[in-house]
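Let me begin by presenting the structure, written as structure tokens, before commenting on it.
Just the heavy atoms: all of them, side chains too, but no hydrogens, waters or symmetry mates, feed the values below. We count ligands from 1, going down the list as the structure has it; atoms in each ligand are counted the same way. As the structure is a computational prediction, the values presented were derived from the model and not from experiment.
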Amino acid sequence: MKYDRQNAKAHSRATMRGIWAAANTPFNEDGSIDEGGFRKNVDHWVNDLGIDGLFVAGKQGEFFSMSVDERKRMFDLAVSAVGDKAQTIMSCSDQNMDVVIDLAKHAQACGAEVVQDVITHVDFSRRPFVLTGEFGDVYLADTVIICTGATAKSIGLPSETLFRGRGVSGCATCDGFFYKDMDCCVIGGGNTAVEEALFLTSIARKTYLVHRRDRFRAEPALLDRLAKRVAAGQIELRLSCELDEVIGDETGVTAVRLRKAAAEGEMIDVSGVFVAIGHQPNTTLFEGALEMNDGYIMTGRADPQSQTMTSVPGVFAAGDVQDAIYRQAVTSAGSGCMAALDARRYLEMATEERIAAE
Ligand SMILES: Cc1cc2nc3c(=O)[nH]c(=O)nc-3n(C[C@H](O)[C@H](O)[C@H](O)COP(=O)(O)OP(=O)(O)OC[C@H]3O[C@@H](n4cnc5c(N)ncnc54)[C@H](O)[C@@H]3O)c2cc1C
């Protein structure tokens, strides 16, 4: 069976009858792709569990960090392992890359120059602004839109890394539907953790909420809703407990081991582990240059007409880097559009002012 874009699109339009699985790519501890583990996963799902279709996803949450060759390799591996059994195999990454490539082409057609670089230094104190890339390339800009995103914090256990994308996730809203009628646990004690646990009650069979302290930091309204779900038996609390180990096999996560002060570790059988201990906006680069709140770039205060302008006129921010609440693809894309409109307006006004001064 070959990857067939027409076929894939037809299936994505249909309601996808049958059972589907997202074949996320497992990784070895050293960061290399675990090809053997991936083959075993898809083989088990299709041959043992009777899954009809596979989405071959990339490294979860970091789809684009895999090279095109790596993505093709994972797709070919799935085809060679189960191509004669699975009704359809779709490469989620390929589809995502199609969107990215199409968008880049569209931007280029509109006159944009696309440059791949990692910005390591910014100087917003002079005009034009100066940005320096990792190999020393210097970019001058009359306006800058920052959209460097936010990274979900991790606990730091090797087993958490090992099973990331195979049962460990940083986003229940995004990945929760993979765990329908299964048992899951959420790690954390703030608003996000409580919200994730509440969200999972509509999908998972049971959700364990594991918090290292004896009380939550979440808002009272959320705690009221939590208490109702606990009373209904949909959520079980594990307080004063820490995640000690994620346990699993070639199929993914099977359990977690918890650590409790001065007590025996408890094992809970779960298929999904949602680590909800916060996000770290990728803003180290802008420290001292822009006003921030808890690491998120603050916007919309310098000019009430420009919701995405930062504390420096001409510098705008969009997406997760300035959004501690929603952090979704569509909200990020929407705020990106707002920033583009704001930047264009800023440039037009700057040009008018310059002409008036001449
Ligand atoms: C596991 C997971 C699953 C998700 N699933 C969903 C989902 O199903 N639906 C949904 O709506 N949302 C989902 N999300 C959330 C969604 O991915 C984000 O909200 C969205 O990608 C944020 O877009 P962004 O452009 O702000 O940041 P990002 O997509 O994080 O992009 C930031 C970019 O900036 C680049 N960058 C960072 N620093 C620098 C630098 N110094 N120089 C140059 N480039 C830099 C990064 O390499 C990256 O490419 C998921 C998130 C995760 C982690």
Open item on the list: Closer than 4.0 Å to some heavy atom of G319 - which atoms of ligand 1 meet that?
Closed with: 26 (O)

Task: Short N or O distance, I119 and ligand 1, threshold 3.5 Å exclusive - done: yes

Open item on the list: Checking contacts here: is it the side chain or the backbone of N282 that comes within 4.0 Å of ligand 1, counting heavy atoms only? Could be both or neither.
Closed with: neither

Task: Atoms in ligand 1 with a heavy atom of D117 nearer than 4.0 Å - done: 43 (C)

Task: D320 and S332 side chains, donor-acceptor separation under 3.5 Å - done: yes

Open item on the list: One thing to verify: whether R344 and E348 come together as a salt bridge, which I'm taking to mean a side-chain N less than 4.0 angstrom from a carboxylate O.
Closed with: yes

Open item on the list: Between D183 and R205 (salt bridge meaning N to carboxylate O under 4.0 Å), is one present in this structure?
Closed with: yes

TODO: Name all pairs fulfilling the salt bridge (Lys or Arg N to Asp or Glu O under 4.0 Å) condition that reach into residues 288-307, sequence neighbours left out, sorted by first residue then second.
DONE: E291-R301, D303-R345

- [ ] Answer with side chain, backbone, both or neither: which part of A329 has a heavy atom less than 4.0 angstrom from an atom of ligand 1?
- [x] both

Open item on the list: Need the ligand 1 atom indices (1-based, order shown) with element for anything under 4.0 Å from a heavy-atom of D175.
Closed with: 1 (C)

TODO: Taking only heavy atoms of C147 into account, list the atoms of ligand 1 that are under 4.0 Å away from them.
DONE: 32 (C), 33 (C), 34 (O)

TODO: Would you mind checking if E236 and K206 are paired as a salt bridge, meaning a charged N to carboxylate O distance below 4.0 Å?
DONE: yes

Open item on the list: So, 4.0 Å and heavy atoms of L285: is ligand 1 close enough to count as a contact?
Closed with: yes

Open item on the list: Regarding ligand 1, does S169 bring an N or O atom to under 3.5 Å of one of the ligand's N or O atoms?
Closed with: no

- [ ] Give yes if a backbone or side-chain nitrogen or oxygen of R327 is under 3.5 Å from a nitrogen or oxygen of ligand 1, and no if not.
- [x] yes

Open item on the list: With a 4.5 Å cut-off on side-chain heavy-atom distances among I, L, V, M, F, W and Y, is there a chain of contacts connecting Y346 to I146?
Closed with: no

Open item on the list: Give the atom numbers and elements of ligand 1 that come within less than 4.0 Å of a heavy atom of S332.
Closed with: 19 (O), 20 (C), 22 (C), 23 (O), 26 (O)

Open item on the list: I'd like to know if V130 and V144 are part of one continuous hydrophobic network [Ile/Leu/Val/Met/Phe/Trp/Tyr, side-chain heavy atoms within less than 4.5 Å].
Closed with: no

